[in-house]
Amino acid sequence: MTAWLIRGAAPYCSEPTDLLLRDGVIAEVGRGLAAPRGAHRLDAAGLVALPGLVDLHTHLREPGREDAETVETGSRAAALGGYTAVHAMANTDPVADTAGVVEQVWRLGREAGLVDVRPVGAVTAGLAGERLAELGAMADSAACVRVFSDDGRCVADAALMRRALEYVKAFDGVVAQHAEEPRLTAGAQMNEGAVAARLGLAGWPAAAEEAVIARDVLLAGHVGSRLHVCHVSTAGSVEILRWAKTKGTRVTAEVTPHHLLLTDELAETYDPVYKVNPPLRTAEDIAALRAGLADGTIDAVATDHAPHALEDKETEWGAARPGMLGLETALSVAVLTLVESGLMDWRGVADRMSVRPARIGGLVDAGRDLTEGEPASLVLVDPAARWPVDPAASASRSRNTPYAGRELPARVVATFRRGEPTVLDGKALR
Ligand code: DOR
Ligand code: ZN
């Protein structure tokens with residue numbers, strides 16, 4: 001393994017320093033480090049260094065919808081976005097509800113060799129919400145599953161949710177809930193509110209999310225297990241989470257970049273690229289989500305990268321699938337909404353996009369500090385860069401980015417995973 005001397009990078013946007021990566025770890029940190037014989041050099045003047053990002057919520061679509069994304073193409077998009085680990089959601093075809101399927105996804109991730117692909121196991125068999133999947137077998141498998149989710153669907157049955165929470169306690173697993181009371185969102189097309197009323201589209205009320213979160217924090221508190229709430233999207237959800245945390249409940253939560261930036265008014269374009277589940281909400285919700293993230297009520301930014309084939313997205317609003325790409329733009333949107341708004345600093349971004357997600361996912365060699373002896377998984381970002389989002393240039397197999405044509409701040413220049421570059425000069429190495 002070749003050593004890398006990174007010159008003049010600013011960890012968390014602090015004072016610039018050199019970092020020597022050797023044998024997969026950060027061997028030395030300090031100014032004016034000498035390059036060992038044969039070491040590669042990288043001039044990182046003006047670049048910010050952060051620990052490699054960790055995504056808690058990625059849809060890689062393999063097996064089953066390789067036309068929309070594969071483990072390899074999604075891994076490439078992730079590396080280009082600064083990620084060194086992603087959690088691959090279970091709503092594939094077949095569903096990742098057995099040791100066999102999660103091991104297959106894990107192996108495909110190893111073969112792609114760009115990020116650590118951590119499969120998420122389904123909570124219920126076939127995501128059908130009727131009986132628990134083989135949680136223990138998935139935890140014991142080579143994929144070592146710790147996060148379980150029926151994402152895309154809610155575990156709506158309270159007794160089943162309770163049993164899942166009890167079950168994962170044995171191996172310190174976590175149930176990641178897609179909070180959506182299905183009886184309240186039947187036929188829903190967008191956020192319930194003034195815009196939906198104007199457009200005549202069926203609404204998805206905030207209460208459908210909040211009711212499930214309230215129920216589940218009570219259940220998690222009761223059984224003493226870890227609950228994680230996926231893609232929190234409403235101001236009321238933030239309030240419930242804040243209350244639950246003051247009670248000492250073991251609950252964590254994530255928000256997506258799009259819920260930090262985009263509002264339901266975009267539905268007025270009738271462009272299904274803005275259709276997502278949970279739906280885009282209001283400016284008041286966005287303000288509460290940003291504040292909740294800044295004060296730690298929300299633990300993480302997670303992409304909910306949801307690639308869809310053209311025929312599933314470029315159709316009329318009602319028929320389009322919900323979901324947006326996110327891996328290649330997440331850090332930029334976080335910088336725009338959190339750093340440039342003055343709400344958080346770069347260390348805060350590292351905490352919410354690497355440190356805390358790694359802890360929630362049970363990853364021991366990710367989300368670590370940029371200090372000597374720690375794993376050399378890191379991302380170098382140009383904070384001054386501005387770049388126009390071009391869907392055609394995406395490494396994803398899909399094109400459904402809601403940021404097409406927008407200019408975003410901050411660009412990933414290089415990503416290193418355990419001392420090896422996966423991205424250099426903004427280009428994936430494989
Ligand atoms: O918008 C979404 N897309 N929300 C989900 O919960 C699932 C996801 C998908 O799988 O496409
Ligand atoms: Zn979801």
Side-chain angles (χ1 to χ4, degrees), residues 55-71 74 77 86-97 105 119-124 126-127 129 147-156 161 174-182 185 188-191 204 208-209 212-213 216 227-234 237 253-260 262 264 266-267 271-281 298 300-315 317-327 330 396-402:
D55 194 17
L56 281 168
H57 194 143
T58 316
H59 295 276
L60 291 178
R61 303 296 188 219
E62 191 175 2
R65 283 309 298 264
E66 292 83 353
D67 57 325
E69 197 78 287
T70 65
V71 171
V86 301
H87 290 78
M89 275 298 171
N91 64 342
T92 49
D93 184 12
V95 170
D97 59 359
V105 172
V120 172
V123 175
T124 70
L127 306 181
V147 182
F148 296 87
S149 183
D150 274 5
D151 180 66
R153 300 204 190 149
C154 183
V155 181
M161 185 63 185
V174 59
V175 180
Q177 175 71 293
H178 168 116
E180 174 183 356
E181 168 47 54
T185 61
Q189 293 294 334
M190 65 170 296
N191 179 44
W204 198 130
E209 173 173 306
V212 172
I213 297 176
D216 286 355
L227 167 71
H228 178 73
V229 184
C230 296
H231 42 54
V232 169
S233 70
T234 78
S237 297
E254 70 189 34
V255 60
T256 70
H258 46 273
H259 288 110
L260 289 172
L262 309 176
D264 63 351
L266 287 163
D271 183 343
V273 80
Y274 301 117
K275 181 171 173 178
V276 65
N277 190 21
L280 301 177
R281 306 285 189 185
I298 298 174
V301 175
T303 67
D304 198 2
H305 177 83
H308 285 298
L310 277 189
E311 67 267 24
D312 292 324
K313 219 44 193 166
E314 294 196 354
T315 170
W317 183 282
R321 301 253 174 106
M324 306 173 161
L325 300 186
L327 287 167
S396 168
R397 201 161 262 190
S398 293
R399 295 289 171 259
N400 54 305
T401 173

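In listed order, ligands and their atoms are each counted from 1.
For ligand 1, the atoms closer than 4.0 angstrom to any heavy atom of H178 are 6 (O). Of all atoms in ligand 1, numbered sequentially from 1 with element shown, those under 4.0 Å from a heavy atom of D151 are 6 (O), 7 (C). For ligand 1, the atoms lying closer than 4.0 Å to a non-hydrogen atom of V276 are 1 (O). In summary, the atoms of ligand 1 found under 4.0 Å from a heavy atom of D304, numbered by their order in the structure, are 4 (N).
In terms of heavy atoms, M324 sits closest to V273 at CE-O, 3.4 Å.
In this structure, P278 and H259 have side chains that are in contact, with non-hydrogen atoms separated by less than 4.5 Å. Within the 4.5 Å cutoff, no side-chain heavy atoms of S237 are placed close to those of V229. The side-chain heavy atoms of V155 and Q177, taken from C-beta on, include a pair separated by under 4.5 Å. The shortest distance between side-chain heavy atoms of K313 and K275 falls below 4.5 Å. At a threshold of 4.5 Å between non-hydrogen side-chain atoms, the residues E209 and V232 count as touching. Side chains of R153 and N91 form no contact here, defined as non-hydrogen atoms less than 4.5 Å apart. Looking at H231 and V276, their side chains never come closer than 4.5 Å, going by heavy atoms from C-beta outward.
In terms of protein heavy atoms, atom 8 (C) of ligand 1 is closest to H59 NE2, 3.6 Å. Counting protein heavy atoms only, atom 9 (C) of ligand 1 is closest to R61 NH2, 3.3 Å. Nearest non-hydrogen protein atom to atom 1 (O) of ligand 1 is N277 N, 2.9 Å. Remark: minimum distance from atom 10 (O) of ligand 1 to any protein heavy atom is reached at N91 ND2, 2.8 Å.
As for D151, its N/O/S atom nearest the Zn ion (ligand 2) is the one called OD1. Its N, O or S atom nearest to the Zn ion (ligand 2) is what matters here, and for H178 that atom is ND1.
Among the atoms of H57, none of the N, O or S atoms falls under 2.8 Å from the Zn ion (ligand 2). Here H231 meets the criterion, with an N, O or S atom under 2.8 Å of the Zn ion (ligand 2). Metal site remark for the Zn ion (ligand 2): D304 contributes no N, O or S atom at a distance under 2.8 Å.
For E69 and S398, the side-chain atoms include no donor-acceptor pair closer than 3.5 Å.
Between the side chain of D264 and the backbone N or O of P279, no donor-acceptor pair lies under 3.5 Å.
Residue contacts with ligand 1, taken as heavy atom pairs separated by less than 4.0 Å, involve H308 solely via side-chain atoms from C-beta onward. Residue-level proximity to ligand 1 for P322 is carried by backbone and side chain together, each with a heavy atom below 4.0 angstrom.
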